[in-house]
Amino acid sequence: MASTALLWFRDDLRLGDNAALRAAAGADALVCLYVLEEEGVRPLGGASQWWLANSLRALDAALREKGQKLILRSGNAAEIVPALADEIGASEVFWNRRYGPAEKIDGQVTRALKQRGIEAKTFAGALLHEPDAIKGSTGAAPKIFAPFWKRLRAAGDPPAPIRAPSKWPSTKRVASDDLADWSLEPTKPDWAGDMRDAWAPGEDGARKRLHAFVDGALSTYADSRERADRDGSSRLSPHLRFGEVSPTQVWHAAKHALDAPAKERPSPASVDKFLAELAWRDFAHHQLRAYPKIADENMRDQFDRFPWSEERKGFTAWTRGQTGYPLVDAAMRHLWAEGWMPNRLRMLTASFLIKHLLSDWRRGEKWFWDTLVDADPANNPTNWQWVAGSGIDSAPYFRIFNPVTQSEKADPDGDYVRKWVPEIAKLPAQFLTAPWEASPMELEEAGVRLGKTYPEPIVDHKEARERALGALKKMTGK
DNA sequence: ATTTTTTTTAC
DNA sequence: TAAAAAAAA
């Protein structure tokens with residue numbers, strides 16, 4: 001009897017290194033499905049929705065070249081997947097495993113399929129190593145990154161990536177939603193223009209980005225990643241978020257760069273740093289799994305009694321890039337325009353919101369969730385709790401970034417600030433980190449009127465720092 | 001994955 | 001006296 005397989009795509013919108021796909025392609029007929037889930041997973045923010053729409057289009061186009069197409073359905077996956085499996089007469093349903101609260105849905109799907117006599121076949125592919133593979137001396141995954149990273153390294157390289165199937169089964173005609181009806185992309189104000197220029201969602205875009213990075217910025221990654229004025233980041237985060245490239249593919253590509261001739265070879269320190277960043281992604285997924293409410297609850301409950309400021313004006317100024325601290329503002333405007341900012345500036349802007357404005361980290365996390373194209377249910381809350389100090393493994397409460405010092409280090413010539421805060425672009429570089437220090441004459445020559453064309457700092461750094469240290473110290477009870 | 005203050009060291 | 005290192009937050 002001819003077999004039919006259902007392949008359920010989720011956060012793995014790729015054909016390469018896709019174990020579930022490889023296995024499903026062994027059937028006689030194949031149907032590929034994506035479900036816009038309305039239950040059991042965190043609803044996507046605006047920027048991520050834009051990315052998803054483009055990634056789904058890219059995946060559908062790639063599948064059509066193979067005689068397939070991507071079937072779209074929306075609703076509760078626990079009902080949709082078994083129903084579709086029934087509809088097409090599938091004997092097996094394939095997917096790559098995901099981790100965290102979404103596992104509950106997958107369990108429901110598995111049980112519903114079993115009742116119908118259909119087998120769920122699941123595979124690894126979302127992380128470098130599956131959560132259960134990394135264990136500390138207690139048998140649980142280490143809750144601190146350093147030992148986690150040590151264990152992950154000790155586990156060795158993840159298995160080599162596998163290729164997309166070379167032979168494809170036939171497909172079946174199945175009704176699909178129309179992507180346009182999902183309204184994932186902006187219409188009235190089309191705010192995605194800068195995103196279209198900055199990104200190429202989809203597996204091809206991911207592959208090109210990976211190669212560009214491995215052949216380019218990786219060589220100086222350890223230093224360049226700290227610089228806002230250089231393209232030192234890999235910019236792979238949204239591709240990884242939607243699984244257009246697997247962390248395994250990225251890991252092996254970075255390691256492979258060490259085999260290049262000496263002249264083109266990246267420094268081992270840079271490769272190591274980059275691999276550690278990849279490991280942070282695994283670490284965050286472990287954290288999400290251990291703390292399903294990581295986006296809503298402090299991991300350290302002493303933060304439950306911290307008197308966060310409910311004030312709105314400062315928060316709004318932060319979201320709009322109007323704090324009066326040029327590097328903070330540049331980064332927040334960059335985020336709004338391209339749906340992304342480099343890691344160092346995420347730390348700086350998050351620190352500013354939490355420590356300088358005393359805003360609850362959850363407000364900031366939600367803003368990033370809505371505006372980042374790479375908004376990830378594990379990474380985003382993990383990193384916000386890290387900056388807040390409320391995470392199990394996190395920065396100590398007294399770690400407060402100085403926005404001026406950071407500006408001097410990350411953007412010494414002011415190129416990044418000039419790009420995103422053009423109203424002060426004519427100021428000499430020395431004042432682009434702190435325009436309030438320029439004399440009235442220098443401000444006038446640059447066409448800057450503080451408080452009019454560009455804000456005065458909404459808080460004084462020294463005062464804000466002392467205020468935060470006092471409040472945080474009081475919270476700890478010491 | 002820091003900043004600021006204090007202390008030490010090196011001219 | 002200034003830079004570097006250490007300590008404290």
Side-chain angles (χ1 to χ4, degrees), chain A residues 142-150 152-153 220-228 230 232-234 237 269-287 294 299-300 302-303 306 323 325 327-328 331 340-358 361 364-365 368 372 374 376 378-412 433-434 437 457 459-478:
Chain A
K143 291 190 160 49
I144 307 294
F145 180 73
F148 175 84
W149 177 217
K150 204 171 150 189
L152 193 145
R153 304 205 83 145
T220 57
Y221 181 75
D223 297 323
S224 301
R225 67 191 296 275
E226 309 294 350
R227 294 286 295 268
R230 298 188 183 158
S233 299
S234 74
S237 54
S270 276
V271 173
D272 206 61
K273 192 79 195 165
F274 179 67
L275 296 179
E277 295 303 311
L278 259 191
W280 268 99
R281 180 177 171 278
D282 268 38
F283 183 64
H285 283 76
H286 283 243
Q287 298 236 335
I294 197 166
M299 295 168 85
R300 287 179 198 268
Q302 65 179 187
F303 273 78
F306 189 83
T323 68
Y325 286 93
L327 187 58
V328 172
W340 183 89
M341 71 166 90
N343 186 249
R344 170 144 297 272
L345 299 184
R346 298 187 193 201
M347 291 191 284
L348 170 63
T349 53
S351 171
F352 189 86
L353 182 72
I354 297 166
K355 310 283 169 92
H356 288 72
L357 302 181
L358 297 180
W361 61 266
E365 195 276 340
F368 271 32
L372 280 169
D374 61 34
D376 181 291
N379 297 338
N380 198 229
T382 296
N383 290 327
W384 274 90
Q385 294 227 39
W386 186 89
V387 176
S390 61
I392 296 301
D393 179 25
S394 60
Y397 73 85
F398 44 75
R399 186 172 291 171
I400 298 173
F401 285 70
N402 180 329
V404 176
T405 310
Q406 287 293 313
S407 195
E408 287 162 355
K409 287 180 180 165
D411 187 31
T433 60
E437 285 181 353
V459 287
D460 175 75
H461 168 67
K462 197 162 190 274
E463 279 171 25
R465 179 172 192 274
E466 280 161 15
R467 185 174 63 164
L469 281 174
L472 286 159
K473 197 169 179 185
K474 196 172 160 202
M475 177 197 73
T476 64
K478 284 173 198 161

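Just so we're on the same page: letters track the sequence lines, and every chain starts at 1. Small disclaimer: the values here were computed from a predicted structure and weren't measured.
When the P atom of B/dT3 is taken as reference, atom CZ of A/Phe398 falls 13 Å away, rounded to whole Å. The CG atom of A/Asn343 sits 11 Å away from the P atom of B/dT2 (whole-angstrom rounding). One interatomic measurement links the two molecules: CE of A/Met347 to P of B/dT3, which rounds to 10 Å at whole-angstrom precision.
Ring geometry for A/Phe148 against A/Phe145 counts as tilted: the plane angle lies between 30° and 60°, on a 0 to 90° scale. Between A/Trp384 and A/Phe368, the ring-plane angle classifies as perpendicular under the 30° and 60° cut-offs.
Using a 4.0 Å heavy-atom criterion, one finds that A/Lys409 contacts the sugar-phosphate atoms exclusively. Contact annotation for A/Arg346: no contact, since no heavy-atom pair falls under 4.0 Å across all strands.
Annotation: the span from A/Leu327 atom CG to A/Thr405 atom OG1 amounts to 11.0 Å, rounded to 0.5 Å. Here CZ of A/Phe401 is found 9.5 Å from NZ of A/Lys409. Values are rounded to the nearest 0.5 Å.
In this model, the phosphate group of C/dA8 is not approached by any side-chain N or O of A/Arg399 to a distance below 4.0 Å at OP1 or OP2.
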All N/O pairs under 3.5 Å across the protein-nucleotides 4-6 of chain B interface:
{"unit_1": "B/dT4", "atom_1": "OP1", "unit_2": "A/Asn402", "atom_2": "ND2", "d": "3.3"}
{"unit_1": "B/dT4", "atom_1": "OP1", "unit_2": "A/His461", "atom_2": "NE2", "d": "2.7"}
{"unit_1": "B/dT4", "atom_1": "OP2", "unit_2": "A/Asn402", "atom_2": "ND2", "d": "3.1"}

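When all heavy atoms of A/Leu372 and A/Trp340 are compared, the pair lying nearest together is CD2-CA, 3.9 Å.
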- Audit row: A/Thr349, A/Met341, side chain to side chain contact (heavy atoms under 4.5 Å, CB included) steps and yes/no: CA-CA 10 Å; A/Thr349 53; A/Met341 71 166 90; 3.8 Å; yes

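Taken together, the paired segments of DNA chain C that extend over three or more consecutive Watson-Crick or G-U pairs, each closer than 3.5 Å at both contacts, are B:2-10 with C:1-9.
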